Amino acid sequence: MSGDQVHNDSQIDTGSRVNDSHRHRDKHKDKEHKHKDHKKDKEREKSKHSNSEHKDFSEKKHRDKDKLKHKDGSSEKHKHKDKEKRKEFKVKSPSQEDKVKKEKENGFSSPPRIKAEPDSDDYCFSPKHEKSLKRERDDDDTEFKPKKIKTEDEKKAKKRKQEDEDIKPKKKTKDKDKKEGAADGKKKGKKEPEEKWKWWEEERYTDGVKWKFLEHKGPVFAPPYEPLPGNVKFYYDGKTMKLSSQAEEVATFFAKMLDHEYTTKDIFRKNFFKDWRKEMTPEEKSIITDLNKCNFTEMHEYFKAQSEAKKQMTKEEKQQIKEENERILQEYGYCVMDNHKERIANFRIEPPGLFRGRGDHPKMGMLKRRIRPEDIIINCSKDSKVPKPPPGTKWKEVRHDNKVTWLVSWTENIQGSIKYIMLNPSSRIKGEKDWQKYETARRLKKCVDRIRNQYREDWKSKEMKIRQRAVALYFIDKLALRAGNEKEEGETADTVGCCSLRVEHIKLHPELDGQEFMVEFDFLGKDSIRYYNKVPVEKRVFKNLQLFMENKQPEDDLFDRLNTSILNKHLQELMDGLTAKVFRTYNASITLQQQLKELTTPDENIPAKILSYNRANRAVAILCNHQRAPPKTFEKSMQNLQSKIDAKKDQLSDARRELKSAKADAKVRRDEKSKKAVESKKKAVQRIEEQLMKLEVQATDREENKQIALGTSKLNYLDPRISVAWCKKWGVPVEKIYNKTQREKFAWAIDMADDDFEF
DNA sequence: CGGGGGACTTAGAAAAACTGCT
DNA sequence: AGCAGTTTTTCTAAGTCCCCCG
């Protein structure tokens, strides 16, 4: 952990980093000039500049010189094709695999080190289970009731428990009833008393198998299109025009978005119009030739009125809708996987609409078409009840693939990618993976010093490729950059990650703001969020960057001999399971842990502790560049808070004044009653002071959080056990840190982390 | 070995739900 | 009760990484 400090210092700060240019849709627009042929350019560049590249690597010349050689070089690592080891859960050849798997922490093979409990040993599997898939769907080994046993769960460990509440997959049958949801109608009041299934105390599948039994009801489709009432007109070129249902539907998509800025964007309009015309009848097509002559305002008004009306609905009506939703949730929102009822994340098929990518997306405005049953692939187990397609339709395919976790998939028409319906984060299948992710990051912690030393050595390598790899890895480690896969030109917004950085994305300053060897980063990352940062780097890195940039055009790749696949292959050799993103997880979690240590003051009250927690969380969010648009109501809400604070201050001075006079009074009168009065005034002052403090803390927290999004890191990067341990250590209720959903997702951590957990 | 497909994680915005007033 | 403000949930785009194929 000591080794981390070095890094952490630089990682934390970054006050300068978040700037107000939240998302730069346009910023790079001009330079976005034809990267079209960028890829080819790159090749060209390589040969063109090959000389310069070599000058430093004299004896390597022949090696680097021509691409052929170059390729050989890379093929070295290629031989490690036997990433079998990585594939721990894959079907393995029994022999060599065994030793490998030993190392696996939550790795689905070795006895889970879970609570590191001494007594859990006897529960370690005897080798024989080993390849057997545990978790048969023995419908009834219910016997055992996992009670709350926290510490002495030795016993629980040995047997697999089965939650009483979980259903018996077999018998569940067609109870479409489910009115129970509606029955005890009173919102959250429902009973939820059942014991939760502790999947983390069970054995895991060791081979690629993800489940043995899977049954579900299939997806919920988007409601069919309801044509507009006759009085809502569309006008073309000033004249009213009745559209065919098909064309009208697409028109409504546009009409609904009318007050969005992007309906004014050229690309959006162009893409929309093109796709809209495809939906028109030949007549419509011949008439409607110019989007600018289309008038959607009546439609737009109509939808506004609709949503207004919806808000005005009576309580009863709203309640009814709510109940209907609950019914659908009960019917379609759950599946049975291996004896347990699990929540599905997104059981509704995405409705049709106009695609809006993030940032400057070349496909914005295109029509996202309606998904029909014929587009849907169902995945479930052979012995389950296969979901029925809506009457008169069929599924595209029903398959039974238990090597994947999805229940439903379809191909989306904008990018041609596959979309899935999968389980909720609270499910076993997601939770195990999440847990495993943090275990991998903790393994990195054990060898990160070695890896850092190695890449520092590699900065001096004679091979260009290795130097590039080493510098890129340094950025990934120090700055928590994403790997940066290459993307297809023209298919998506122009964003980059580490390996895909271009020369134009960094500036070198031999000296800046009084510091030497500064690198200024400015690029659009995932979701077109701008990354802007000025960092001092080591001299060697700086020199290398100069070298990499020599004789290149701004639009050339900075690391022209590197890509994520090369990098990850290398990482895989350094540590089993290591990939670029593990560094983000590791650095995020270790930063949280270290910041919590640093910021928590033992005798502070709970609100102050929570502020410290949020600050630690914030340090991570800044490191990972998790930004958000400042809430529209931010200024106002800040003002409100401030006036609350002012009011509270007034109240406080009033209370103090009263206390004073009560004291004086007591001094004079010296009776019991006045003494009591003093006491109560004192209490009041104290109470108000506390309230004031709370408000002030809140204000600070909010201000500091203006454009920082904490959620992403909390949900995806911070080992929840660190937070849970911190809560336990300082007596902060875990609900203060995690809301209900989050507690469900992190149930495993809440259950297993003690106050002394160390990442 | 490079390109593409596939599966799964990570991401911020928007919608919906909730809360605490007045 | 209606709201304004805040928090939670939903939504789905956009990444990562692996595998397979030719």
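Lettering of chains follows the sequences in order, A, B, ..., and the numbering in each one begins at 1. Not measured: the values here are computed from a predicted model.
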Original post:
Are A:Thr405 and B:dC8 close enough that a side-chain N or O sits under 4.0 Å from OP1 or OP2?
Top reply: yes
Original post:
Quick one: A:Glu432 CD to B:dC8 C1', roughly how many Å, whole number?
Top reply: 15 Å
Original post:
Want to settle it: does A:Lys526 or A:Lys310 sit nearer the 5' end of DNA chain B, counting the closest nucleotide to each?
Top reply: A:Lys526
Original post:
Is A:Gly416 touching bases, backbone alone, or none of the nucleic acid, heavy atoms closer than 4.0 Å?
Top reply: nothing
Original post:
With sugar-phosphate meaning primed atoms plus P, OP1 and OP2, does A:Ala493 contact a base, only sugar-phosphate, or nothing at under 4.0 Å between heavy atoms?
Top reply: nothing
Original post:
What is the distance, rounded to the nearest whole Å, between atom NE2 of A:His361 and atom P of C:dA14?
Top reply: 5 Å
Original post:
Given atom CG of A:Asn485 and atom C1' of C:dC17, what is their separation to the nearest angstrom?
Top reply: 7 Å
Subject >> Parallel, tilted or perpendicular, as decided by the 30° and 60° cut-offs, for the rings of A:Tyr531 and A:Phe523 >> reply: parallel
**OP:** Grab the CD1-P distance between A:Ile421 and B:dT9 for me, whole Å please.
**Re:** 16 Å
**OP:** Would you indicate what A:Pro351 reaches in the nucleic acid, counting non-hydrogen atoms under 4.0 angstrom: base, sugar-phosphate, or nothing?
**Re:** sugar-phosphate
Subject >> Candidate list A:Phe253, A:Tyr262, A:Phe355, test ring-ring contact (aromatic ring centres under 6.0 Å, His included), partner A:Phe268, passing option >> reply: A:Tyr262
Original post:
Can you tell me how far C1' of B:dG5 sits from NZ of A:Lys419, to the nearest Å?
Top reply: 16 Å
**OP:** Kindly check if the number of other-residue, nucleotide or ligand heavy atoms within 6.0 Å of NZ (A:Lys310) is above 12?
**Re:** no
Original post:
So does A:Lys433 reach the base of B:dT9 with its side chain, donor to acceptor, closer than 3.5 Å?
Top reply: no
Original post:
Which nucleotide in the set C:dT6, C:dT12, C:dG15 lies at the smallest distance from any side-chain heavy atom of A:Thr495?
Top reply: C:dG15
Subject >> Euclidean distance, atom CD1 of residue A:Ile349 to atom P of C:dA13 [Å, nearest integer] >> reply: 13 Å
Original post:
At under 4.0 Å between heavy atoms, what does A:Tyr420 touch on the DNA or RNA strands: base, sugar-phosphate, or nothing?
Top reply: base
Original post:
Would you say a side-chain N or O of A:Lys740 is under 4.0 Å from OP1 or OP2 of C:dT7?
Top reply: no
**OP:** Output yes when a side-chain donor or acceptor of A:Asn424 lies under 3.5 Å from a complementary backbone atom of A:Ser427, and no otherwise.
**Re:** no
Original post:
Rounded to whole angstrom units, what separation is found between the CG atom of A:Leu715 and the C1' atom of B:dG12?
Top reply: 12 Å
Original post:
Is the backbone N or O of A:Gly365 less than 3.5 Å from a side-chain atom of A:Lys265, with the two atoms forming a donor-acceptor pair by type?
Top reply: no
**OP:** Write down the distance between CD (A:Glu412) and C1' (C:dC11), rounded to a whole number of angstrom.
**Re:** 14 Å
**OP:** Check every strand shown and say whether A:Lys318 touches a base, only sugar-phosphate, or nothing at a heavy-atom separation below 4.0 Å.
**Re:** nothing
**OP:** Answer with base, sugar-phosphate or nothing: what part of the nucleic acid does A:Gly484 contact at a heavy-atom distance below 4.0 Å?
**Re:** sugar-phosphate
